[in-house]
2 protein chains.
Amino acid sequence: MAAITIRDVAAEAGVSIATVSNAFSGRKAVSPEVVRRVEEVARALGYQKNIAASQLRTGRVKVVGVLVPSLVDTFFASLVSDLEELAEADGYQVLVATSGDNAEREAAQLDALLGWKPSGLIAVPCTNAIPDTLRREMATLPIVLVDRIGEEDLPVDTVVVDNHAAGHEAAQHALEMGHREILIAASVAGLRPIAERIRGITEACLSATVTPRIVELGTDVEEGAARMAACLARDGHPTAVIAMTNVTTLAALTAFAQVGIDVPAEVSLVGFDDYAWMTARRVPLSAVRQPIADIAQSAWSCLRARIAGSGDQPARLVLDAPLQCRSSVCAPRAVQGAA
Amino acid sequence: MAAITIRDVAAEAGVSIATVSNAFSGRKAVSPEVVRRVEEVARALGYQKNIAASQLRTGRVKVVGVLVPSLVDTFFASLVSDLEELAEADGYQVLVATSGDNAEREAAQLDALLGWKPSGLIAVPCTNAIPDTLRREMATLPIVLVDRIGEEDLPVDTVVVDNHAAGHEAAQHALEMGHREILIAASVAGLRPIAERIRGITEACLSATVTPRIVELGTDVEEGAARMAACLARDGHPTAVIAMTNVTTLAALTAFAQVGIDVPAEVSLVGFDDYAWMTARRVPLSAVRQPIADIAQSAWSCLRARIAGSGDQPARLVLDAPLQCRSSVCAPRAVQGAA
DNA sequence: CTGCCACAGTAAAACGTTTATCTGATGGCG
DNA sequence: CGCCATCAGATAAACGTTTTACTGTGGCAG
């Protein structure tokens, strides 16, 4: 039951293996009659080209690696899904790996990914620090970094969202509605994009002489909900919460539900990311919408260009993440009363 | 700028390539001193083993393919994520492919996956029909089919949920609360697991002389919400809705929110699957909880056993999907009034 | 001292492709 | 009619690794 190789097809079709190869790739003329026969035989035998052998010979292969922190986080899942679609449309296959927000595992997955000698790599690093392996590959392999970029002058293309503006806009909205007690629900405050969002919020608050509080909820919903509840119990609850990721949005909401705090009557909420569940509620969430499709599109274009040999200066794409105003932010009670 | 190969390492370390290979694999004794030197040189040079070459030579490779309909559907994303973790723990790499619920694309992705000559495959078919390629591979490749199994006597291991019981339990719950007008929100009624769930519901209803209605919402949330809204407008709204997937749960909820129907005051809802967003609400959802971790675990164990050469009869694992009673189902108004 | 075995390491073949180079055959054209 | 170009197809080398079979070199028992 040995696997069927090109040799078997050649024998069965009564031609040489070179002819079979050419018949499939079409890079040398083969008579239509022979092509037909080869294809028929291949189908009958259930022949499948061995990609490993093919790529070993050619050196190149239409495969790109994609490394993200997690597939359970809808943001990354959507990103991967979009990238996969774009890649497939261009005839590329995608190798997905997840780091689980763990630097060690990230390094291991990266090694595994690179072992396939892909023609490019799109990665969302799990910390601000770029893994050594990755840094070394930057010299030779087309790479696009997305979302979590901790440094400024990287020698590769990067695609990020304007986190500062997003934070600023979210805070502005809350402030305009009259909120003065604002709590920032961060995942990990040290992460560059999160830090940027926080900076945007803080700056907006500064002009209104408001000092937001910050609570770190981590990257797990359950854990985050517990921490949020603890924070609420300890410090009393603010009039508005601005969540920094979809996971913290969920964590905050879970805590509110557990404690019985109503949104938006008792606390206003600005969420992050924009998913179906956010609008599938009596009070749809106002949230900062990250343009996932655009992010994927940009990242893919950059990578394509690099793979095609572009020697342009590394691009640093910054996309807008506009606020979607819906119904989860309203004036706080004090203001309502005064009005 | 040619890639670094084992040859470069061998030259630099002053040994033969065979020795380098053995130093890494450890399958032949190499003096500790040489091992150390080889490892050091490899690190210094940034050597990465070419998996393609390796697998070409050995024929086998610790890689398994995973094929799911979509990564945007949290059910599948979680499944893939769990499988990845299990595989990694056993030293396997996972190749992920998505079919997008499209039979043609499924076939293409399957071909691509098999081109890597993985040592096993875990697949969630996108229709009841098993693709030809897959059927043919069943004879030789370790395969585990999950979730969407359209046929009975497959020659491979399968892992499914007891969909009939799940449907029955959900319906029972609604009936006990006094509901008589029940609407089933199906994705695609023809899909085997969905059909089973519907059958479970219908049978439970039968004993209460209730005839549930059915609406098909598809696999996309937006589209589904529109169809649900249309159904509500056309036929009036039932007292209880039982959703058949997490996507239809979301679609139903979206429609309710748009039309302004309150859950559970105006309509009760039994959801499907169990995700964070379902409990992050004022009224947490009662839902059928699919044991994703167990599904992944079972599928992986089966595959491991097959890869290890087990010749057992094909197993047909059926897992329980118990109902999580929370707050989205309560007595319908008529009954409340009568009480 | 001789034969034998264990040990450390090497040479070379093989995996399934692709592709550069080669071979005949056919036909066009001067 | 001879020559060259064109074409379909074949041969064989190469890709980077693993692994089998081999070569020396010591050590040790007889």
Side-chain angles (χ1 to χ4, degrees), chain A residues 1-39 41-42 45-63 93 111-112 114-119 140, chain B residues 1-39 41-42 45-63 93 111-112 114-119 140:
Chain A
M1 191 49 84
I4 312 255
T5 77
I6 199 175
R7 219 175 296 278
D8 302 311
V9 177
E12 185 73 15
V15 295
S16 75
I17 61 170
T19 302
V20 175
S21 179
N22 286 326
F24 281 130
S25 69
R27 67 188 315 289
K28 261 200 72 175
V30 175
S31 74
E33 155 60 12
V34 172
V35 170
R36 203 195 48 72
R37 199 165 72 238
V38 165
E39 277 172 354
V41 168
L45 258 43
Y47 168 70
Q48 303 234 55
K49 165 155 81 177
N50 184 327
I51 302 184
S54 167
Q55 96 125 302
L56 174 58
R57 172 60 231 238
T58 60
R60 72 202 110 82
V61 61
K62 288 191 119 186
V63 167
Q93 236 182 116
D111 271 346
L114 293 173
W116 296 103
K117 311 288 170 189
S119 39
T140 92
Chain B
M1 188 58 81
I4 312 251
T5 77
I6 200 175
R7 219 176 296 278
D8 302 311
V9 177
E12 186 73 15
V15 294
S16 74
I17 61 169
T19 300
V20 175
S21 179
N22 286 327
F24 281 130
S25 68
R27 66 187 319 286
K28 257 200 73 174
V30 175
S31 73
E33 153 61 12
V34 171
V35 170
R36 204 194 49 71
R37 198 165 73 238
V38 165
E39 279 173 352
V41 167
L45 259 42
Y47 168 70
Q48 302 233 54
K49 165 156 79 178
N50 184 328
I51 302 184
S54 167
Q55 96 126 302
L56 174 57
R57 172 59 230 239
T58 60
R60 73 202 109 82
V61 61
K62 288 191 120 186
V63 167
Q93 237 182 115
D111 271 346
L114 292 172
W116 296 102
K117 311 288 172 190
S119 39
T140 91

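Source: prediction; values computed, not measured. We use all heavy atoms of the structure for the numbers below, so side chains are in, but hydrogens, waters and symmetry mates are not.
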(request) Of all the heavy-atom pairs spanning A:Ala52 and B:Gln55, show the shortest one and how long it is. (result) CB-CG, 3.4 Å

(request) Check B:Asp111 against A:Gln48 and note the closest heavy-atom contact, atom names and distance. (result) OD1-OE1, 3.4 Å

(request) For the helix from C:dC1-D:dG30 to C:dG30-D:dC1, figure out the bend between the end axes, five pairs an end, and round to 10 degrees. (result) 60°

(request) Please work out whether the ring planes of A:Tyr47 and A:Phe24 are parallel, tilted or perpendicular, with thresholds of 30° and 60°. (result) parallel

(message) For a 4.5 angstrom cut-off between non-hydrogen side-chain atoms, does A:Ile6 reach A:Lys49?
(response) no

(message) Treating B:Ser119 as the side-chain partner and B:Lys62 as the backbone partner, does any N or O pair qualify as donor plus acceptor under 3.5 Å?
(response) no

(request) List the protein contact pattern of nucleotides 12-19 of chain D with one symbol per nucleotide (5' to 3'): B for base contact, S for sugar-phosphate-only contact, - for none; contact means a heavy-atom distance under 4.0 Å. (result) -BBBBBBB

(message) Less than 4.0 angstrom from a charged side-chain N to a carboxylate O is my criterion; do A:Arg36 and A:Glu33 meet it?
(response) yes

(message) Nearest 0.5 angstrom please: A:Ser21 OG to A:Lys28 NZ, how far?
(response) 11.0 Å

